[in-house]
Amino acid sequence: MNQARPKARLSRALGIPLTRKCVKYFERRPYPPGVHGRARRKTSDYQVRLLEKQRLRHQYNISEAQMRRAFEEAARSTDKTGERLVSLLERRLDAVVLRAGLARTIYQARQLVAHGHFTVDGRKVDIPSYRLKPHQVVAVRESSRQKPPFQIAAAGAHAEGPIPHYLSVALSDLRVTLLKEPERREVPVLCDEQLVVEFYSR
């Protein structure tokens, strides 16, 4: 999904930095963009829930249709809907590529997957929304390994904080294995998923 809106302005509108590069802009102006950005605004319950839904959606860089489909699938589960929703989104191929440190941002992860640089269990997959199952192995294709983005990734330049426990990562081999389904407490997204559930359940 191409996002035309500048990432820094979008980060300020959502109240969270979407990329590492946005952090300094967000810290300098931690209020919404526009001439009324600093003004105190009355927020309704609907606006609070909408903002939380948008925060989650933009952290995964997915469309509203994709978000709603994931919610509907989560709602059919016997698990807590909000936690299940985050787990489903976290198992997307582009999200796993990002968490493993094989891409700098979710935007780059989506682009690299769409351009066909990855395999899943040895087969090329170029669908960012492809949902991984536990024990599946994601690797950079042999023909892509010498390209600059992956040389940079192999050196650990994109690694940010500890690797989540649901992943086993071999950066030097440009390979990652999904060990198990992610649990909400392990997923590093900024979101109150219960508000997202309330938004879609209204």
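Positions are given from 1, in the same order as the sequence printed here. Computed from a predicted model, the values in this text were never measured in an experiment.
- Pairs passing the salt bridge (charged side-chain N to carboxylate O under 4.0 Å, His left out) check and including a residue from residues 132-145, sequence neighbours excluded, read Glu142-Arg145.
- Only one option out of Gln136, Arg91, Arg92 pairs with Tyr130 in a side chain to side chain donor-acceptor pair (under 3.5 Å); it is Gln136.
- With a 4.5 Å cut-off on side-chain heavy atoms, Glu72 and Arg68 count as touching.
- Rounding to the nearest 0.5 Å gives a distance of 12.0 Å between CZ of Arg110 and OG1 of Thr105.
- Residue pairs meeting the ring pair (Phe, Tyr, Trp, His ring centres under 6.0 Å) criterion with at least one partner in residues 169-192, sequence neighbours excluded, do not occur; the list is empty.
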### From CA spacing to verdict: side chain to side chain contact (heavy atoms under 4.5 Å, CB included), Leu56, Leu85
CA-CA 10 Å; Leu56 182 60; Leu85 172 61; 3.9 Å; yes
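- The local environment of CZ in Arg123 is sparse, with at most 12 non-hydrogen atoms from other residues, nucleotides or ligands closer than 6.0 Å.
- For Glu73, the salt bridge (charged side-chain N to carboxylate O under 4.0 Å, His left out) partners at least two apart in sequence or on another chain are Arg131.
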### Message
Set out, in order, the CA-CA distance, both residues' side-chain angles and the distance that settles side chain to side chain contact (heavy atoms under 4.5 Å, CB included) for Val125 and Phe118, then state yes or no.
### Response
CA-CA 6 Å; Val125 177; Phe118 290 93; over 6 Å; no
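- For Glu186, the side chain to side chain contact (heavy atoms under 4.5 Å, CB included) partners at least two apart in sequence or on another chain are His165, Tyr166, Lys180, Glu183.
- Two residues are said to be in side-chain contact when any heavy atoms from C-beta on lie closer than 4.5 Å; Val138 and Leu93 meet this criterion.
- Closest approach of Val169 to Ala100, counting heavy atoms only: CG1-O, 3.6 Å.
- A donor-acceptor pair shorter than 3.5 Å cannot be found between the side chains of Gln66 and Tyr60.
- The side chain to side chain contact (heavy atoms under 4.5 Å, CB included) check on Glu83 picks up Lys80, Arg184, Glu193, with sequence neighbours excluded.
- Every residue two or more places apart in sequence or in another chain that forms a side chain to side chain contact (heavy atoms under 4.5 Å, CB included) with Lys147 is listed here: His117, Ser144, Pro149, Phe150.
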### Task
Run the numbers on Val96 and Val176 for side chain to side chain contact (heavy atoms under 4.5 Å, CB included), then give the verdict.
CA-CA 8 Å; Val96 169; Val176 54; 4.1 Å; yes
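- Transitive grouping of hydrophobic side chains (ILVMFWY, heavy atoms separated by less than 4.5 Å) brings Val120 and Leu178 into a common cluster.
- One distance of note links CG of Asp79 with OG of Ser87; it measures 8.0 Å at 0.5 Å rounding.
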### Message
Is there a salt bridge (Lys or Arg N to Asp or Glu O under 4.0 Å) between Glu52 and Arg49? Walk through the geometry before answering.
### Response
CA-CA 5 Å; Glu52 209 63 31; Arg49 287 159 178 73; over 6 Å; no
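- Here the side chains of Leu167 and Arg99 are in contact, with some heavy-atom distance below 4.5 Å.
- Every residue two or more places apart in sequence or in another chain was checked for a salt bridge (charged side-chain N to carboxylate O under 4.0 Å, His left out) with Arg69, and none qualifies.
- Nearest heavy atoms, Leu179 versus Pro134: O-CB, 3.9 Å.
- Checking side-chain atoms of Ser168 against main-chain N and O of Thr177 turns up no donor-acceptor pair under 3.5 Å.
- Between the CG atom in Leu171 and the CG atom in Leu102 there is a gap of 6.0 Å [rounded to 0.5 Å].
- Minimum heavy-atom separation, Val189 to Val86: CG2-CG1, 4.2 Å.
- No side-chain heavy atom of Val187 sits under 4.5 Å from any side-chain heavy atom of Leu89.
- Taking every heavy atom of both residues into account, Leu112 and Ala103 meet most closely at CD1-CB, 4.2 Å.
- When side chains are defined from C-beta on, Cys191 does not count as touching Arg55, because their heavy atoms never get closer than 4.5 Å.
- A donor-acceptor contact shorter than 3.5 Å links the side chain of Asp121 to the backbone of Val137.
- The stretch residues 179-202 participates, sequence neighbours left out, in these ring pair (Phe, Tyr, Trp, His ring centres under 6.0 Å) pairs: Tyr46-Phe199, Phe71-Tyr200.
- Here the straight-line distance linking atom CD of Glu198 with atom CG of Leu195 works out to 5.5 Å at 0.5 Å rounding.
- Residue pairs that meet the ring pair (Phe, Tyr, Trp, His ring centres under 6.0 Å) test with at least one member in residues 172-192, sequence neighbours left out, do not exist here.
- Summarising the geometry of Ile62 relative to Arg57, their closest heavy-atom pair is O-NH1, 2.9 Å, with the distance given to 0.1 Å.
- Gln54 contributes no side-chain N or O that, together with a main-chain N or O of Leu50, makes up a donor-acceptor pair within less than 3.5 Å.
- Legend: residues meeting side chain to side chain contact (heavy atoms under 4.5 Å, CB included) with Ala114, ordered by chain and number and at least two apart, are Pro128.
- Every salt bridge (charged side-chain N to carboxylate O under 4.0 Å, His left out) that Arg175 has, sequence neighbours left out, goes to Asp173.
- Every residue was checked against the salt bridge (charged side-chain N to carboxylate O under 4.0 Å, His left out) condition with Asp126, not counting sequence neighbours, and none meets it.
- Atom CD1 of Ile106 sits about 5.0 Å away from atom CG of Leu98, to the nearest 0.5 Å.
- Considering all non-hydrogen atoms of both residues, Pro188 and Glu90 come closest at CD-OE2, 4.5 Å.
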### Chi angles and distances behind the side chain to side chain contact (heavy atoms under 4.5 Å, CB included) call for Ile152, His158
CA-CA 8 Å; Ile152 292 170; His158 302 326; 3.7 Å; yes
